K.L.:
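This is the structure I want to talk about, given as structure tokens.
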Amino acid sequence: DTEVTQTPKHLVMGMTNKKSLKCEQHMGHRAMYWYKQKAKKPPELMFVYSYEKLSINESVPSRFSPECPNSSLLNLHLHALQPEDSALYLCASSQDSWLTEKSYGYTFGSGTRLTVV
Amino acid sequence: SQQGEEDPQALSIQEGENATMNCSYKTSINNLQWYRQNSGRGLVHLILIRSNEREKHSGRLRVTLDTSKKSSSLLITASRAADTASYFCATEGYSTLTFGKGTMLLVSP
């Protein structure tokens with residue numbers, strides 16, 4: 001299995017809703033990432049998990065809450081979002097975030113297109 | 001924060017022609033990677049070049065890296081309509097991958 005699977009593919013939520021995005025990989029990768037991408041912009045890093053521990057939080061608002069239940073799963077819990085949070089949310093994984101000299105690149109999921117109304 | 005700057009922002013060519021995209025970056029890197037993105041979906045890893053390498057090939061792709069100029073180029077030879085996509089360079093430092101602004105490539109039949 002060489003894929004990162006993200007669910008759902010599309011999500012529409014109200015500003016008072018609570019929802020979760022899910023990401024799963026079975027490649028044995030020990031680093032997992034959440035990126036946010038606005039239209040016609042490059043992806044921007046949100047969070048990095050390394051060996052199931054949060055290692056980087058790029059000053060993301062607390063209405064986004066990441067969770068890594070095990071080495072294969074990554075969740076992003078959403079609560080009280082704003083319309084400007086509408087974007088494509090991408091999950092990625094890599095072998096090890098600390099051994100970049102051995103990096104072989106990241107594997108990305110297809111993303112969840114989120115619309116906040 | 002964005003590190004790479006791609007040039008050009010958009011490129012339109014005919015099938016069979018070569019496409020060249022350039023990327024400049026600002027800080028020291030461990031490696032530089034190129035990704036393709038179709039229609040705002042997931043990114044596909046194309047090729048990785050390490051900081052001690054100068055050139056790398058993969059199929060119709062050729063990547064160069066000049067660390068003294070902090071720049072890289074991606075050459076796609078004999079382009080096809082299916083190559084139409086956005087292409088991003090990304091630099092990998094300590095634990096993170098930072099993307100440039102991207103080049104939108106349109107290959108017309």
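Quantities reported herein were computed from a predicted structural model and do not represent experimental measurements. Lettering follows sequence order; numbering is per chain, from 1.
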K.L.:
Heavy-atom pairs under 4.5 Å with chain A are the metric here; pick the option from B:Leu43, B:Ile47, B:Asn52 that has the most.
P.N.:
B:Leu43
K.L.:
Hey, which of A:Gly111, A:Gly109, A:Gly105 has the most heavy atom pairs under 4.5 Å with chain B?
P.N.:
A:Gly105
K.L.:
Which atoms of B:Leu48 are under 4.5 Å from chain A, going by heavy atoms: the side chain, the backbone, both sets, or neither?
P.N.:
side chain
K.L.:
Is there a side-chain contact between B:Thr67 and B:Tyr25 in this structure, where contact means two heavy atoms from C-beta onward sitting under 4.5 Å apart?
P.N.:
yes
K.L.:
Find out whether B:Ser24 and B:Lys70 are in side-chain contact, i.e. whether some heavy atom of one side chain is under 4.5 Å from a heavy atom of the other.
P.N.:
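No, their side chains stay 4.5 Å or more apart.
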K.L.:
Can you tell me which portion of A:Gln37 sits under 4.5 Å from chain B's heavy atoms? Options are side chain, backbone, both or neither.
P.N.:
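Contact with chain B involves the side chain of A:Gln37 alone.
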K.L.:
Do you see a donor-acceptor pair shorter than 3.5 Å between the side chains of A:His77 and A:Ser20?
P.N.:
yes
K.L.:
Suppose we call two aromatic rings close when their centres sit under 6.0 Å apart. Are A:Phe47 and A:Phe64 close by that rule?
P.N.:
no
